Amino acid sequence: LSIRRQRQMCIRDRMTIIDITQKGLKFKHDGLIKRQRKIRIDLNGDWFTCRLVWKNDNFAGAQFKNTLSDATFEAILKGS
């Protein structure tokens, strides 16, 4: 999982997905997320816009801007 801040800062951070659904995901980070904002997440080479719903020092939850289709979700699960 890579993350790119919405303001096109082109910073890529490694994250670990803890849980994922078609509506959002929970992931572990290394304290790099300092505030809630819109972000773009790279999943298997495709970028998805998300809104951070919550965060703490090591974990965060994000909601996809658009619910993932069944086909997209299955492709992400197969590629992880």
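Values below: every heavy atom of this structure, side chains too, minus hydrogens, waters and symmetry copies. On a predicted model such as this, the values are computed, not experimentally measured, just so you know.
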Quick one: closest heavy-atom pair of C50 and L25, and the distance? SG-CD2, 4.4 Å

With side-chain contact (heavy atoms from CB on, under 4.5 Å) as the criterion, how do I41 and W47 come out once you've worked through the C-alpha distance, each side chain's angles and the decisive distance to 0.1 Å? CA-CA 5 Å; I41 296 178; W47 289 93; 5.7 Å; no

Do the non-hydrogen side-chain atoms of I17 and L43 ever get within less than 4.5 Å of each other? yes

Student check: side-chain heavy atoms of T21 and F64 closer than 4.5 Å: no

Value for NZ (K28) from CG (N58), rounded to nearest 0.5 Å, stands at 5.0 Å

I want to check a possible cation-pi pair here: K26 against F59, using under 6.0 Å from ring centre and within 45° of the ring axis as the test. yes

Show me, pair by pair, the donor-acceptor contacts under 3.5 angstrom made by side chains of residues 67-77, not counting sequence neighbours?
unit_1	atom_1	unit_2	atom_2	d
S69	OG	T72	N	3.1
S69	OG	T72	OG1	2.9
D70	OD1	Q22	NE2	3.0

Whether the side chain of H29 engages the backbone of T16 through a donor-acceptor N/O pair (distance < 3.5 Å, no angle test) should be reported. no

